[in-house]
Amino acid sequence: MTDEVVVATIAGVVALLVSLVSAWLTHLSTERKLRLEIIERRRDKLLDLRLEAYPQAFALTGQLRFAKGKESSRMELKNIAEELRAWWVGSAAAMLSGESVKSYYRLSRALQSAAIETTPVESTSLAAVFEANRLFRVALRADLGLEQTLEGEDSDA
């Protein structure tokens, strides 16, 4: 083999290797971009679905009253618990984040407990409902990207 053939062969092999590495890196970049685009589309779709469903939960939990002398009655607590349950068994359950699911169950238990007690609604029961309601609303806001610190939360949530 002459020097020219060796140089041409080495140049060809180097060009082939550069071409393969370039193609592989391009493939990885394209695949990464596609994965990120799919994730972004899914996130946008989930946000759209949450924006449709969450206002109902905010409306239901906004009906709870905690002001002294104007507290929600047992019947109101029971009705809100039932309506919240109906909202939950719809498509909403599939949209909630893990934190929202935990806070939903906490609120549901607090509402049911306060609604079935035989004595008048006690301040401890209402305090549990208030705290569970507040945490549920904070979790829903976080799902919507409207995170608020717990200190910045409204007192009538």
Side-chain angles (χ1 to χ4, degrees), residues 18-157:
V18 167
S19 173
L20 288 173
V21 168
S22 175
W24 180 67
L25 290 174
T26 301
H27 169 72
L28 289 179
S29 175
T30 304
E31 184 180 19
R32 181 176 177 270
K33 285 179 185 175
L34 183 60
R35 259 189 274 124
L36 290 174
E37 186 178 311
I38 289 169
I39 289 169
E40 187 65 29
R41 275 195 227 142
R42 289 176 67 192
R43 190 177 336 185
D44 288 345
K45 181 64 176 172
L46 180 59
L47 181 60
D48 289 343
L49 292 172
R50 285 175 172 170
L51 285 170
E52 289 177 22
Y54 283 20
Q56 184 180 2
F58 282 113
L60 290 171
T61 57
Q63 294 174 24
L64 294 168
R65 294 186 322 273
F66 302 100
K68 191 163 181 91
K70 297 180 183 178
E71 300 94 348
S72 295
S73 69
R74 292 205 186 284
M75 185 55 75
E76 290 170 327
L77 294 173
K78 182 181 180 216
N79 290 340
I80 290 170
E82 289 172 357
E83 290 179 43
L84 198 55
R85 171 85 174 130
W87 173 80
W88 164 261
V89 297
S91 60
M95 290 181 254
L96 272 67
S97 66
E99 190 61 35
S100 293
V101 169
K102 285 191 285 187
S103 61
Y104 163 79
Y105 280 122
R106 181 177 178 181
L107 176 58
S108 179
R109 284 190 305 269
L111 284 169
Q112 291 170 2
S113 175
I116 62 172
E117 291 177 4
T118 56
T119 60
V121 180
E122 298 171 6
S123 61
T124 54
S125 296
L126 281 177
V129 172
F130 175 83
E131 181 63 13
N133 184 49
R134 186 181 67 80
L135 292 174
F136 180 60
R137 291 169 68 96
V138 167
L140 292 180
R141 286 184 188 110
D143 285 357
L144 294 173
L146 306 171
E147 293 92 345
Q148 292 184 337
T149 63
L150 294 178
E151 296 82 33
E153 190 63 20
D154 295 333
S155 62
D156 65 332

For residues 32-55, the ring pair (Phe, Tyr, Trp, His ring centres under 6.0 Å) pairs (sequence neighbours left out) are none
If you round to the nearest 0.5 Å, how far is CG of Leu84 from CD of Gln63? 10.0 Å
Rounded at 0.5 Å granularity, tell me how far CG in Leu60 sits from CG in Asn79. 10.5 Å
One should read off an interatomic distance between Leu107 CG and Gln112 CD, to the nearest 0.5 angstrom, of 9.5 Å
With a 3.5 Å distance limit and no angle check, can you tell me whether Thr61 reaches the backbone of Ala57 through a side-chain donor-acceptor pair? yes
How many angstroms lie between CG in Leu126 and CG in Leu77, if you round to the nearest 0.5 Å? 6.5 Å
Quick one: closest heavy-atom pair of Phe136 and Trp87, and the distance? CZ-CZ3, 3.8 Å
Is a donor on one side and an acceptor on the other found under 3.5 Å between the side chain of Ser22 and the backbone of Val18? no
Determine whether Arg106 and Glu131 satisfy the following criterion, side chain to side chain contact (heavy atoms under 4.5 Å, CB included), listing intermediate values before the conclusion. CA-CA 9 Å; Arg106 181 177 178 181; Glu131 181 63 13; 3.5 Å; yes
Salt bridge (charged side-chain N to carboxylate O under 4.0 Å, His left out), that's the test. Do Lys33 and Glu37 meet it? Break it down for me. CA-CA 6 Å; Lys33 285 179 185 175; Glu37 186 178 311; over 6 Å; no
Between Asp143 and Ser97 (side chain of the first, backbone of the second, donor and acceptor by atom type, cut-off under 3.5 Å), is there such a pair? yes
Parallel under 30°, tilted from 30 to 60°, perpendicular over 60°: which one fits the rings of Trp88 and Tyr104? parallel
Between Ser100 and Ser103, is there a side-chain donor-acceptor contact under 3.5 Å, judged purely by atom types and distance? no
Could you grab the distance from atom CG of Leu20 to atom NE2 of His27, nearest 0.5 Å is fine? 13.5 Å
Could you go step by step and tell me if Leu64 and Leu111 meet the side chain to side chain contact (heavy atoms under 4.5 Å, CB included) rule? CA-CA 10 Å; Leu64 294 168; Leu111 284 169; 3.8 Å; yes
Between the side chain of Glu71 and the main-chain N/O of Gly69, is any donor-acceptor distance below 3.5 Å? yes
Start with the C-alpha distance between Thr30 and Leu34, add both sets of side-chain angles, then the distance that settles side chain to side chain contact (heavy atoms under 4.5 Å, CB included), and finish with yes or no. CA-CA 6 Å; Thr30 304; Leu34 183 60; 5.5 Å; no
Between atom CE of Met95 and atom NZ of Lys45, what is the distance when rounded to the nearest 0.5 Å? 10.0 Å
For Leu144 versus Arg50, what's the shortest heavy-atom pair and its separation? CD2-CB, 3.6 Å
If the threshold is 4.0 Å, N to carboxylate O, is there a salt bridge linking Arg85 and Glu82? no
Where is the tightest heavy-atom contact between Lys70 and Arg65, given as atom of each residue plus distance? O-NE, 2.9 Å
Pair Glu40, Leu36 - check side chain to side chain contact (heavy atoms under 4.5 Å, CB included), show working. CA-CA 6 Å; Glu40 187 65 29; Leu36 290 174; over 6 Å; no
